[in-house]
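Accompanying notes for the structure given below.
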Number of protein chains: 2
Amino acid sequence: MLPGVNDVTTDTQAAQVARLYYVQGLTTDAIARELGLSRPKVSRLLSHARRTGLVEIRIHDPQAQPQSLEAQLRATYPFLTPHVIRVPPGSSESVWLERVSVAAATLLGQTLRAGQTVGLAWGTTLDAVSRHLTPRHVPDLEFVQLNGSASARDFMSGFVTDTVTRFAGNYGARAHLFPVPTFFDDPLTKQAMWRERSVRHVLELQERADVLVYSVGAADAKLPSHVYVAGYLDPADQQTLAEQGVAGDIATVFYRADGTFGGIPMNARSSGPDLSLIARASQSICVVSGLGKVGALRGALAGGLMRTLVVDEPTAHALLHGLPG
Amino acid sequence: MLPGVNDVTTDTQAAQVARLYYVQGLTTDAIARELGLSRPKVSRLLSHARRTGLVEIRIHDPQAQPQSLEAQLRATYPFLTPHVIRVPPGSSESVWLERVSVAAATLLGQTLRAGQTVGLAWGTTLDAVSRHLTPRHVPDLEFVQLNGSASARDFMSGFVTDTVTRFAGNYGARAHLFPVPTFFDDPLTKQAMWRERSVRHVLELQERADVLVYSVGAADAKLPSHVYVAGYLDPADQQTLAEQGVAGDIATVFYRADGTFGGIPMNARSSGPDLSLIARASQSICVVSGLGKVGALRGALAGGLMRTLVVDEPTAHALLHGLPG
DNA sequence: CCGTCCCTTGAACGTCTGTTCATAACGGCT
DNA sequence: AGCCGTTATGAACAGACGTTCAAGGGACGG
């Protein structure tokens, strides 16, 4: 059997084992005896069933406590469905990102429906999410990249492509890559490219996307957003952004602390979508982790730039009650 | 805490533990340390979360093998969605019923939607199903009994009421009982009762039911259908039915081996619904277990009297390929 | 204020489960 | 055919899990 090709015999047997285990409540031992298999084999089939998404486990939350961070977020931002992820006390930000991306991956798996188009940004956060997706086949699903990843200076070749491909592959979906530079040097070149049919096709897919998935970027995050460290912006660019009061970015399109984004020159050079696309989207999932992103997140929320937020508990707390100390 | 009243604190904590366990994949030990609880307490919360339906586990079946019994059933009865439940080789029919009712209870939990009305028959099979339901709150759900259970000879008082109440209680739904005799002695009495407003209310609910749940009855089942042993039918009645080629019943309304049910005098005395109600229903779940029910099941299938069937594997096999020996 | 009942708690136990590792079976290639 | 790399298998182990049970704590009534 080739890797990646799913064996229908194994899947059938795994489903049968999973039913006996999870529905009928038998032990692996009893299942092994009943089906004439060895117990380790049953255990392996069970792992297979879980890993390949053949078994889906969802948690139905009771209504949140009124004093919870989620309730406070809902009260402050009425358009928002927040998911605040608890982390172990005293843990590092890399643990927070791990927890948040696992939760976001699970949420995405429960959200996607057949026939939808999903707009996808890229970066450190979404890469982490992509590594925790539960495999599932969703018919007629399409992923479209929201901002370009082909940069003259992109020494981490494959990083972005891998992320998008991992999402698409996980759901048996088509991936539409966006092979343009993340930032153009000349806005006119961007305008010219935007008239190209191949680019227009991607832009149309972005327009009619049912679900958007992205994070917010911030220059001062402890785990820095990819775009700020990979050499996409030269020092002069970064200084210009700071002078204009830029608080963060979504898909390499910048916005200010109050959530506005008009009249920021750099955006004319960015390959990312106009943020009104983000604001208009009926379903948009924003995944955020790390105290360094608090400012960027507050700005995005002020601008109504997300409908669903997955965030770790310390970051959510800092957002609402300020940073400790 | 009063029994039956769910403690919101416990539920919240249980949901949190369940998320850490099932979504984040931590061990009970790690969860205990993180939340400052003892490991047994975490284990108990986890059980609580599963038992109360806070955690939902569903198995996504890969498409069935072409030579499987399910595929054969689908080919023979194109209107049917079959669920064939495997049982241990050499096991007794009571084990089959156990397996089938667990599977049926799980299926029902995945089927019901807010606002629906569910028509419910009663008997040995549905009683077994009622004992395996996963608790879940479904808003605005109503259960309505399909056939009467108040019989002058009903010495097993409470049996039927308990079944229906168990279903309703499990989903936080309202139960509409049907307090008329299972069989009237005089058809005219039935007609008179059918003009009563209380009865008409039940009949209207039956008419607009979204989902029907029932089994098929057969006189010769090894685990005999309740109606044939509880003294509802006297020997003369039973002989009359046999003479008219009756193959089985659904909610104490009889049909022949070819699935027709017109002109069976006994049905004029039965409190159950006209079988055209069953045939018309968009969703109808029939739960069948035991070789004795093969004939009754074959008749019901011939008449198109179900859309979904949950049946054990030996019974399904006997249906398609005849009884062994 | 004390006794009783009942529920909750966590240490300890025995079972169940995932994984490891040595061996066997398989399939491709020369 | 014969070799070799790869995959599948089940006995054995270590760890994780659910449950039991004796002790502790709170509510209620005497």
Side-chain angles (χ1 to χ4, degrees), chain A residues 1-57 59 62 88-89 95 98-99 102 131-132 134-135, chain B residues 1-59 62 65 88-89 95 98-99 102 131-132 134-135:
Chain A
M1 170 185 149
L2 276 63
V5 176
N6 46 351
D7 182 352
V8 64
T9 306
T10 307
D11 278 1
T12 308
Q13 211 169 26
Q16 189 181 357
V17 168
R19 269 191 300 270
L20 290 171
Y21 189 83
Y22 286 110
V23 179
Q24 301 286 346
L26 305 192
T27 68
T28 53
D29 208 4
I31 298 169
R33 279 198 304 274
E34 179 166 336
L35 302 183
L37 305 168
S38 72
R39 203 187 54 72
K41 170 126 210 178
V42 171
S43 178
R44 278 190 270 263
L45 285 168
L46 218 40
S47 313
H48 175 81
R50 281 188 292 251
R51 192 166 27 78
T52 60
L54 226 141
V55 174
E56 185 190 352
I57 302 184
I59 317 285
V95 172
E98 186 76 5
R99 289 274 176 105
V102 170
R131 296 178 190 283
H132 294 290
T134 325
Chain B
M1 172 185 148
L2 276 62
V5 176
N6 47 351
D7 182 352
V8 64
T9 307
T10 306
D11 279 0
T12 308
Q13 211 168 27
Q16 189 181 356
V17 167
R19 269 191 301 270
L20 290 171
Y21 189 83
Y22 286 111
V23 179
Q24 301 287 346
L26 305 191
T27 67
T28 53
D29 208 3
I31 298 169
R33 279 198 304 274
E34 179 166 336
L35 302 182
L37 304 168
S38 73
R39 204 186 54 71
K41 169 124 210 181
V42 171
S43 177
R44 276 190 273 261
L45 285 168
L46 219 40
S47 311
H48 174 80
R50 280 188 292 251
R51 191 167 27 77
T52 61
L54 228 142
V55 174
E56 184 190 352
I57 302 183
R58 47 172 86 198
I59 317 285
Q65 303 280 54
V95 172
E98 187 75 6
R99 289 276 176 103
V102 170
R131 296 177 191 282
H132 294 290
T134 325

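Just so it is clear, the structure is predicted and the values come from calculations on it, not from any experiment. Lettering follows sequence order; numbering is per chain, from 1.
OP1 or OP2 of C:dG18 has not a single side-chain nitrogen or oxygen of A:R51 nearer than 4.0 Å.
Residue B:Y21 places its side chain closer to D:dC17 than to any other of D:dC17, D:dG10, D:dT19. Nearest to the side-chain atoms of A:S43 among the listed nucleotides D:dG10, D:dG18, C:dG18 stands C:dG18.
Here the P atom of nucleotide C:dA12 and the CZ atom of B:R39 are 12 Å apart, to the nearest Å. As a whole-Å value, the separation of B:L26 CG from D:dC17 C1' is 15 Å. Spacing between atom NZ of B:K41 and atom P of D:dC21 amounts to 21 Å, rounded to whole angstrom units. Between the CG atom of A:L46 and the C1' atom of C:dC16 there is a distance of 12 Å, rounded to whole Å. Put simply, CG on A:L45 is 14 Å from P on C:dT17, counting in whole angstrom units. Taking atom CG of residue A:D29 and atom P of nucleotide C:dT17, one finds them 8 Å apart after rounding to whole Å.
At the heavy-atom level, B:T27 lies under 4.0 Å from the strands shown only through sugar-phosphate atoms.
Along DNA chain C, the nucleotide nearest A:R44 and the nucleotide nearest A:T28 are compared for position; the residue whose nucleotide lies closer to the 5' end is A:T28.
Taking 4.5 Å as the limit, some side-chain heavy atom of A:R99 sits within range of a side-chain heavy atom of A:P88. A:H48 is not listed as a side-chain neighbour of A:V17, based on a closest heavy-atom distance of 4.5 Å or more.
If you take CD on B:E56 and CD1 on A:I59, they are separated by 10.0 Å, rounding to the nearest 0.5 Å.
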